[in-house]
Amino acid sequence: MAERNQRITFARSPRGLPVPEDFGADETSIPSPADGQFLSRTIYLSLDPYYRNVMKNSQIYADRLHPGDVMVGETVAQIVESKHPQFAAGEYVAVRNGWQQYGLSSGQGVRKLDPASAPLGAALGVLGMPGLTGYAGTVYLGRPLPGQTFVVSACTGPVGTTAGQVARHMGARVVGIAGSAAKCEYAVKELGFAACVNYKDGDLTAALKQACPDGIDVYFDNVGGDTLTAVTRNLALGARIVLCGMIEAYSMDTPPPGPWLGPIVGARATMSGLVVYDHMNRMPEMVKLISGWIRDGQFRYREDVSEGLAKAPEAFCALMRGGNFGKALVRVGAE
Ligand code: NAP
């Protein structure tokens, strides 16, 4: 066992892309477990994009960092000393030790790992939090049907790798988006995707059109920004978009222009496209219900009536500036 505990600490919130100076380093003595705790030796530290948001103390995470705190993070570790009845020295665990060589744990949220059943590192990737993200987002939100086109960005990372391959197993035609030729080659040859588009290689909207001639039925979005825009130009009717991550904006100091969709993820909200003409068969149902409410005085409305056809242009221009108050009508003739 090493004599001291090396730690990487949080120094400051990054400006833009993180730089090494945003972190500090120190060493402490190796702590001893109290009753109900165990001490473990970190084997793997997971690096996850969300740490960038934790470093700006984003409200959606429970972690709060102050200068000098050890950086938070998931790890795979081996228990070296235990005073916890359910954990024994020698056992392997997935535990949040953070960026340090040794950590204490009360056992809360800790998963025991069997090194014989899967490589230990996978517990931080495809068999851990990122894998679950890709799996659950695909099976329960994206819900691709056999033969449908499923597109996933950051497709060679743990979330994208899992989402894409789960979709492939569900019978979808999977198209990846990645940031290099080598990543795209891997996506097709190793992950079994039907195609992969390198978004750094020219016009992404056109490339997606070519790779997805029938449109995109499901998009699993890991990056947001321009990539999301290009995908939205290629959607099939009834498409579903899973807003998972927006890494393109994590290092921006102010949200990008346009509606910032980050809170949609935090609120687990859904966005759906609505075209009224799809619901025309519900017209009799709606008229019956609301006209009844109007007759009973349970439903109110206003009309903003302009007199004479000649007023139509002016009234329309007012409408487009919010100048109407209620349904804008022009009385063209007597009732
Ligand atoms: P990852 O794919 O291993 O790494 C991030 C990748 O994002 C990069 O390798 C890069 O791949 C891509 N990327 C695209 N645009 C980028 C940009 N402007 N700057 C930097 N990277 C960019 O990461 P991961 O762990 O699998 O996570 C993928 C996404 O899922 C992240 O957005 C993460 O925050 C999100 N996530 C969400 C949840 C949730 O609960 N909603 C949970 C876990 C992860 P390319 O070169 O291929 O573009």
Side-chain angles (χ1 to χ4, degrees), residues 14 16-19 44-56 58-63 72-75 94 96 121-142 151-167 174-188 190-191 193 195-202 204 207-208 211 219-231 240-253 255-256 260-271:
L17 287 167
V19 293
Y44 291 111
L45 163 67
S46 180
L47 296 180
D48 291 275
Y50 83 89
Y51 297 170
R52 176 64 183 83
N53 291 332
V54 173
M55 291 180 82
K56 56 179 143 175
S58 164
Q59 296 301 314
I60 70 166
Y61 303 101
D63 300 304
V72 294
E74 284 78 24
T75 58
R96 287 177 63 86
L124 300 172
V126 298
L127 297 180
M129 180 279 287
L132 179 64
T133 306
Y135 174 81
T138 301
V139 173
Y140 297 108
L141 301 179
V151 172
V152 55
S153 49
C155 75
T156 59
V159 174
T161 295
T162 309
Q165 288 178 99
V166 167
V174 179
V175 174
I177 300 175
S180 75
K183 287 181 177 182
C184 279
E185 189 181 336
Y186 171 80
V188 173
E190 298 287 332
L191 306 181
F193 294 178
C196 181
V197 176
N198 176 0
Y199 66 93
K200 293 182 181 159
D201 208 10
L204 180 59
L208 283 172
Y219 176 48
F220 194 111
D221 185 19
N222 283 320
V223 302
D226 293 343
T227 305
L228 176 58
T229 303
V231 167
R240 296 171 294 289
I241 297 177
V242 181
L243 293 176
C244 172
M246 296 169 181
I247 194 168
E248 201 169 280
Y250 292 174
S251 294
M252 292 180 184
D253 295 327
W260 168 233
L261 300 179
I264 304 277
V265 181
R268 289 79 165 160
T270 359
M271 296 173 87

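Every number for a ligand or one of its atoms is a count from 1 in the order of the listing.
In this model, no donor atom of one side chain and acceptor atom of the other lie less than 3.5 Å apart for Y199 and S153. Counting only N and O atoms by type, the side chains of D221 and Y219 include a donor and acceptor under 3.5 Å apart.
Y50 OH: more than 12 foreign heavy atoms inside a 6.0 Å radius.
Listed by chain and number, residues touching ligand 1 at under 4.0 Å (heavy atoms only) are P49, M129, T133, A154, G157, P158, V159, A178, G179, K183, Y199, N222, V223, C244, G245, M246, I247, E248, Y250.
Counting only heavy atoms from C-beta outward, the side chains of V152 and F193 approach each other to under 4.5 Å. For the pair I247 and R52, the minimum side-chain heavy-atom distance is 4.5 Å or more. Taking the side chain as every heavy atom from C-beta outward, V139 and V166 approach each other to under 4.5 Å.
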